[in-house]
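Counting starts at 1 for both ligands and their atoms, following the listed order. Atom set for the values below is all heavy atoms of this structure, side chains included, hydrogens, waters and symmetry mates excluded.
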Amino acid sequence: MKKLVMKALAKINWALDVVGKRDDGYHNVEMVMQSIDLYDTLVIEEKAGDDIEIICDSSSIPLDSNNIAYKAARLIKETYGIDKGIKIVIYKNIPVAAGLAGGSADAAAVFAGLNRMWNLGLTTRELMSTAARLGSDIPFCILGGTALARGIGDDLMPLPPADGIWMVLVTPDFHVYTPQIYKCLDISEITVRPSIQSMVMNLAKRDLQGIARCMQNVLEQVTLSIYPEIDHIKEDIMNQGALGCCMSGSGPTAYGIFPDKKSAQRGYGVLKERYSQCFVVETKPAGIEIMEEVL
Ligand code: ATP
């Protein structure tokens with residue numbers, strides 16, 4: 001029986017700007033995105049019949065057709081006329097509704113995994129364009145590494161890999177729903193915007209101080225007005241020796257970058273005693289990793 005075991009990596013935003021609202025209600029963004037070593041593990045197995053089965057060790061995500069991994073498998077089956085059954089087991093490690101694109105990462109792994117399992121022969125770009133129909137963060141999770149995103153987030157340009165940068169993440173114990181944050185965003189009220197160009201240059205030079213200075217997310221203004229405790233978390237991370245700290249996506253996760261692995265681990269040692277969802281991770285050059293395959 002065909003089987004794949006994959007890592008689906010989370011992302012953070014080095015910088016996030018919202019540059020306009022479109023007639024269809026979506027926003028145009030400019031973001032610098034990054035894969036990080038915090039991942040869900042997916043086991044994808046072919047099975048008898050024609051249905052899609054989702055099993056997950058977490059009770060905080062749906063197990064039916066509302067699961068984004070289910071939707072990804074259905075889209076692939078419908079688009080490419082595949083009448084085979086599939087079982088997807090998700091070992092959830094990425095906090096849900098946390099600004100880390102956990103659902104998008106799972107969907108990306110399903111797209112890439114089924115392309116491989118069923119020999120569909122789709123290029124990364126073809127997969128990304130099919131995936132964009134399901135969610136604007138999924139193409140980045142397929143591309144992975146470091147990338148500049150424009151449009152609604154699915155117009156992607158790969159950047160030189162900025163892997164091996166150490167950070168500590170803290171996710172508070174509440175969920176933030178991206179549509180709600182965008183609904184509350186008034187573009188005319190944005191006071192501080194990131195310099196996307198400077199961030200790209202600093203990442204290319206691997207100038208950690210420069211990267212720290214450019215870490216900026218315009219959605220922070222909105223999310224922090226609803227959840228001011230995120231500001232305290234940022235302060236707490238900075239107090240452990242972080243070079244800079246920023247919220248990822250629409251939040252509530254905050255991440256701080258550190259000069260090296262040792263200082264990140266030291267900061268993590270303190271913060272994990274205060275926050276139940278705390279992670280020390282490094283940046284990675286890919287969004288999906290295959291750990292095992294039987295094809
Ligand atoms: P983004 O940063 O892309 O906006 P997020 O990290 O804030 O995403 P997700 O963890 O992707 O948020 O979850 C968003 C919603 O999607 C939640 O309401 C969750 O229940 C639902 N969901 C459906 N399938 C999944 C999945 N496989 N993993 C996580 N969430 C899922």
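- A perpendicular orientation is assigned to the rings of W14 and Y255, their planes being inclined by more than 60° (bins at 30° and 60°).
- No hydrogens or angles considered: a donor-acceptor pair under 3.5 Å links the side chains of T130 and Y80.
- With hydrogens left out, the protein atom closest to atom 4 (O) of ligand 1 is T178 OG1, 2.6 Å, a heavy atom.
- Assignment of Y177 to the shell around ligand 1 is supported, since a heavy atom sits closer than 4.0 Å.
- At a threshold of 4.0 Å, the pair R150-D154 does not count as salt-bridged, since none of the basic side-chain nitrogens sits closer than that to a carboxylate oxygen.
- Heavy atoms of K71 come nearer than 4.0 angstrom to ligand 1 in no pair at all.
- Summary of contacts: the protein heavy atom closest to atom 3 (O) of ligand 1 is D137 OD2, 2.6 Å.
- Proximity annotation for atom 27 (N) of ligand 1: of I181, D106, I138, T253, D106 comes nearest, heavy atoms only.
- Side chains of Y275 and D236: a donor on one and an acceptor on the other come within 3.5 Å.
- For atom 2 (O) of ligand 1, the candidate residues are A101, P62, G249, A10; the nearest heavy-atom contact is made by A101.
- D173 and S276 form a side-chain donor-acceptor contact under 3.5 Å, judged by distance and modelled atom types alone.
- Of the listed options G99, C56, A97, G103, A97 places a heavy atom closest to atom 13 (O) of ligand 1.
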